[in-house]
Amino acid sequence: MKITVLTLFPDMIKPVISQSIIGRAIYEKKLQIDVIDYRTFSLNKHHKVDDTPYGGGAGMVLQAEPVVRALRAVEGHEKALKILMTPQGEPYKQSQAKALSKAEHLIILCGHYEGFDERIRPYFDQEISIGDYVLTGGEVAALVVIDSTIRLIPGVLNKDASHEEDSFSDGLLEYPHYTRPPVYEGQAVPDVLLSGHHQAIASWRRAESIKRTRTRRPDLYEAYLKRQKNP
Ligand code: ADE
């Protein structure tokens with residue numbers, strides 16, 4: 001997979017993608033991430049990319065021209081899935097991460113300033129919000145999308161690290177995990193996990209997963225019940 005990130009702050013992206021699983025996937029050539037500073041596409045002699053809003057009001061607005069010029073300069077941009085990070089986008093979910101992980105090339109635009117010129121929108125296929133809060137820019141949001149997407153590319157996680165049982169992957173939160181020691185400061189590992197009975201362990205985990213979803217995320221639990229009634 002190839003990801004092209006268009007940003008005014010490449011240094012908010014580069015150190016993060018060089019680390020851990022993303023860094024290893026790039027090193028192993030399972031992933032290519034290009035980070036492009038779209039300020040370099042400004043035709044303004046001072047490399048300005050923003051201006052005051054028509055109609056007045058506070059703050060500055062990102063101009064369409066440098067963004068669209070940068071987008072058109074990306075090799076293969078016609079075929080790529082072009083994503084705009086904005087709090088006005090579709091709320092981001094694990095199901096979208098799954099869909100994006102199948103794409104060959106993603107181009108992700110990180111906005112900045114108070115907002116962007118509305119005429120940028122038609123150049124993008126999809127708008128994504130990572131939650132109902134406003135960040136200073138789209139960089140952190142783009143990293144969330146990148147991280148959650150690339151770990152679903154086959155071969156990116158360790159062979160035995162499965163994402164099949166991730167929270168949300170089947171609409172439920174994940175069951176609780178335990179490792180050594182068997183008792184930590186008076187808290188014991190549930191007996192069933194030490195029993196070696198695979199069937200019993202699987203049933204316990206499923207029940208815990210459902211219980212946890214019911215208490216912590218009633219919204220997901222309701223959706224789960226509906227699915228059980230009408231599969
Ligand atoms: N840019 C600023 N806030 C954002 C959000 N919540 N999601 C995506 N992009 C953003």
Side-chain angles (χ1 to χ4, degrees), residues 1 3 16-31 33 81 83 85 89-104 106 108 126 128-133 135 140-231:
M1 175 190 270
I3 303 177
V16 179
I17 61 171
S18 71
Q19 299 295 310
S20 183
I21 290 168
I22 307 180
R24 191 181 64 203
I26 293 172
Y27 180 76
E28 291 176 350
K29 301 210 169 0
K30 289 172 184 147
L31 174 66
I33 305 185
L81 185 64
I83 298 170
M85 300 310 303
E90 191 184 336
Y92 191 59
K93 299 258 161 58
Q94 184 70 14
S95 52
Q96 282 162 285
K98 265 188 204 158
L100 296 182
S101 73
K102 299 190 174 91
E104 261 176 48
L106 303 176
I108 305 180
Q126 220 171 302
I128 293 180
S129 163
I130 62 156
D132 291 344
Y133 38 78
L135 302 164
V140 171
L143 287 168
V144 168
V145 169
I146 293 169
D147 189 288
S148 54
T149 296
I150 67 98
R151 66 189 285 286
L152 301 177
I153 300 171
V156 163
L157 291 186
N158 289 332
K159 274 197 291 304
D160 50 351
S162 165
H163 46 72
E164 299 288 307
E165 293 180 358
D166 285 345
S167 287
F168 311 115
S169 64
D170 65 351
L172 293 172
L173 300 184
E174 215 182 348
Y175 52 79
H177 298 277
Y178 297 88
T179 186
R180 286 182 184 81
V183 181
Y184 178 71
E185 295 200 344
Q187 299 188 77
V189 174
D191 286 339
V192 62
L193 298 180
L194 308 172
S195 69
H197 293 136
H198 298 300
Q199 198 71 50
I201 293 171
S203 317
W204 180 85
R205 285 180 167 164
R206 185 76 186 163
E208 287 295 314
S209 184
I210 294 168
K211 191 164 90 187
R212 187 158 273 208
T213 307
R214 179 163 49 80
T215 52
R216 294 182 183 214
R217 291 292 302 271
D219 56 328
L220 295 181
Y221 182 68
E222 284 305 314
Y224 162 75
L225 287 184
K226 272 201 194 116
R227 280 198 308 280
Q228 296 298 104
K229 278 187 204 138
N230 307 299

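The figures here come from the full heavy-atom set of this structure, side chains too, leaving out hydrogens, waters and symmetry mates.
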Do the non-hydrogen side-chain atoms of I210 and Y221 ever get within less than 4.5 Å of each other? yes
With sequence neighbours left out, write down each residue that passes side-chain contact (heavy atoms from CB on, under 4.5 Å) with A200, or none if nothing qualifies. V192, H197
Results of salt bridge (charged side-chain N to carboxylate O under 4.0 Å, His left out) for R217 - residues two or more places apart only: D219
Could you note down all residue pairs passing salt bridge (charged side-chain N to carboxylate O under 4.0 Å, His left out) where residues 174-198 supplies at least one of them, sequence neighbours left out? none
Can you check whether N158 reaches R24 side chain to side chain, under 4.5 Å on heavy atoms? yes
Any heavy-atom pair between the side chains of I17 and L31 that's under 4.5 Å? no
Considering only heavy atoms from C-beta outward, does the side chain of I83 approach that of L100 to under 4.5 Å? yes
Contacts of type ring-ring contact (aromatic ring centres under 6.0 Å, His included), residue F168, not counting sequence neighbours: none
All side-chain contact (heavy atoms from CB on, under 4.5 Å) counterparts of S129, not counting sequence neighbours: none
Among residues at least two apart in sequence or on other chains, which ones pass side chain to side chain donor-acceptor pair (under 3.5 Å) with T213? none
Partners meeting salt bridge (charged side-chain N to carboxylate O under 4.0 Å, His left out) with E28 (sequence neighbours left out): K30
In the structure I gave you, are the side-chain heavy atoms of L172 and L220 within less than 4.5 Å of one another anywhere? no
Charged N to carboxylate O below 4.0 Å: is that the case for E208 and R205? no
Check whether any side-chain heavy atom of L225 lies under 4.5 Å from a side-chain heavy atom of R214, and answer yes or no. no
Decide yes or no for L152 and Q94: does some side-chain heavy atom of the first lie under 4.5 Å from some side-chain heavy atom of the second? yes
dist W204:CH2 -> K211:NZ (nearest 0.5 Å) comes out at 8.0 Å
Could you list the residues that satisfy side chain to side chain donor-acceptor pair (under 3.5 Å) with D147, not counting sequence neighbours? none
All pairs passing salt bridge (charged side-chain N to carboxylate O under 4.0 Å, His left out) where residues 221-231 contributes a residue, at least two apart: none
Of all heavy-atom pairs linking P91 and Q96, the shortest is O-OE1, 2.9 Å
Is there a side chain to side chain contact (heavy atoms under 4.5 Å, CB included) between T149 and I3 once you walk through the steps? CA-CA 11 Å; T149 296; I3 303 177; 5.6 Å; no
State, yes or no, whether a side-chain contact exists between D166 and R151 at a heavy-atom distance under 4.5 Å. yes
Residues that H177 engages under ring-ring contact (aromatic ring centres under 6.0 Å, His included), provided they are two or more places apart: Y175
Backbone N or O of I150 within a donor-acceptor pair of the S101 side chain at under 3.5 Å? no
Quick one: list whatever passes side-chain contact (heavy atoms from CB on, under 4.5 Å) with K102, sequence neighbours left out. none
V145 backbone acceptor or donor facing S148 side chain under 3.5 Å: yes
With rounding to the nearest 0.5 Å, note down the distance linking CD1 in I146 to CD1 in I108. 4.5 Å
When you look at CD of Q228, are more than 12 heavy atoms from neighbouring residues, nucleotides or ligands closer to it than 6.0 Å? yes
P181 and V189 have their tightest heavy-atom pair at O-CG2, 3.9 Å
Using side chain to side chain donor-acceptor pair (under 3.5 Å) as the criterion, list what pairs up with K93, not counting sequence neighbours. none
